[in-house]
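The block underneath contains the structure these notes are about, expressed in structure tokens.
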Amino acid sequence: MTGANFLLTDGPSDLKIVIDCGLFQGDRAFDEKNREPFPYDPKTIDYLFITHAHLDHVGRIPKLVKDGFRGVIYSTAPTKEIAEIALLDSLNLFRKENGEDVEPFFNKDNLNLAMTLWQTVEYHETVNLKEGLRVTLKDAGHILGSTMYEFARGDHRLVFTGDLGNSPSPLLRDTEILTNTNYLVMESVYGDRNHEDRSQRRNILEDTIEDTMRSGGTLMIPAFSIERTQEILFEIENMMEESRIPLAPVFLDSPMGIEVTAVYKKYSKFLNDEVRAEIEQGGDKIFHFPQLHETMSTDESKAIFQANPKKIILAGSGMSTGGRIIHHEKNYLSDPKSTLLLVGYQQVGSLGRMLQEGARTVKILGEEIPIRAKIVSIHGYSAHKDSDHLLQFVDSTKDTIKKVFVAMGEPKSAMFLAQRLRDYLGINAKCPEAGETDEIEL
Ligand SMILES: [Zn+2]
């Protein structure tokens, strides 16, 4: 499900190409998996193509370099910049959790060397590799800079999707439609289920802000640093501008969230037409409104508690498993005027999930906290296509498709989607096992 990593070996050119080099994510057992040697010799790899900057797609890049990779890394510019932020963050997090005694599986030098091998390309740009093999970038609409890679020779086409966006998104362009693809290696995170209705999500956000501000409490929003934080900030910015909610200070209390938001600002040309039109009208401003305070340092973060309780705080981690949000939760979850707003998936066992399921008390930083704050969940914020939309995505190219490889999802999601592709579209679809090899004609 995590640790995306595909090897494409091209006969005519003898090229060895890797697509994504992700981290295995989960409990501690995964740390061992990330340390294992790659099932191929990194020294022999010519190219590494990166679909997007989530850690399960970029987390082992420095290890690939450590193990001898010296080829060229390609991605869009925002992917490169967000990946560097995410990789540094993962290194810091490792240090925090393990102290100085345990060596992480890569170091800062490996990361720096990876960055020097990394070149950026634009959407729709074609890179000619060798012996007629070429690769073109297409917008996946998942997070800023996310890309599908179309490898082609003559008119044979193979596409690696990476993760596919839940279009339409408030900020991004829609996932590009494929029409002449022959082979597809696609994600299936939500292969077996559909998202809840999302037409209400903006209303719930608006109502929750209004209610909490009216009662004079604090609104806490735990959010992932990439994409979700920017989506919520963008919605709040618009609502304040249109006077749909009361003006109140908004604290972006996440160093990584602040850094990633800066990349979104820098690469606003990657955002959808509507947002870009809005930026142009507003004098080139996005994520930049008088109420927004970016609190980078720990001291600034601590000072938020001293500010008037009528405020909004966005902080990581998204499932309250760590990060600055838990300090705010410790301060405000016992306050009946305050609200915790959950805008993302909460994994079983996480503090966020316990709160979502109505826990009466929780233990935070060694202290038993009675829950008197309101807990509100908004569903429908997802960065992935659901089952119906994954099916629709393949349907547009079903006339040319020869085979679909369903990967990057839990086995039951992947198998369910493959079955749907066979039953509904009559397509040859399979779920490859890790380490499995297939031969195709390109
Ligand atoms: Zn992703």
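Whatever order the structure lists ligands and atoms in, that order sets their numbers, starting from 1. Side chains are part of it too, since the values below use all heavy atoms of this structure and drop only hydrogens, waters and symmetry mates.
- In terms of distance to the Zn ion (ligand 1), the nearest N, O or S atom of Asp163 is named OD2.
- Panel note: side chain Lys398, backbone Leu425; no donor-acceptor pair is recorded below 3.5 Å.
- Under the 6.0 Å distance and 45° angle rule, Arg228 does not count as a cation-pi partner of Phe224.
- The distance from the Zn ion (ligand 1) to the nearest N/O/S atom of His52 is under 2.8 Å.
- Geometric assessment of Lys265 against the ring of Phe287 yields a negative cation-pi assignment under the 6.0 Å and 45° thresholds.
- Take the Zn ion (ligand 1) as the corner point: the lines to ND1 of His54 and to NE2 of His142 open at 90°, to the nearest 10 degrees.
- The aromatic rings of Tyr47 and Phe49 sit tilted, their planes meeting at an angle between 30° and 60°.
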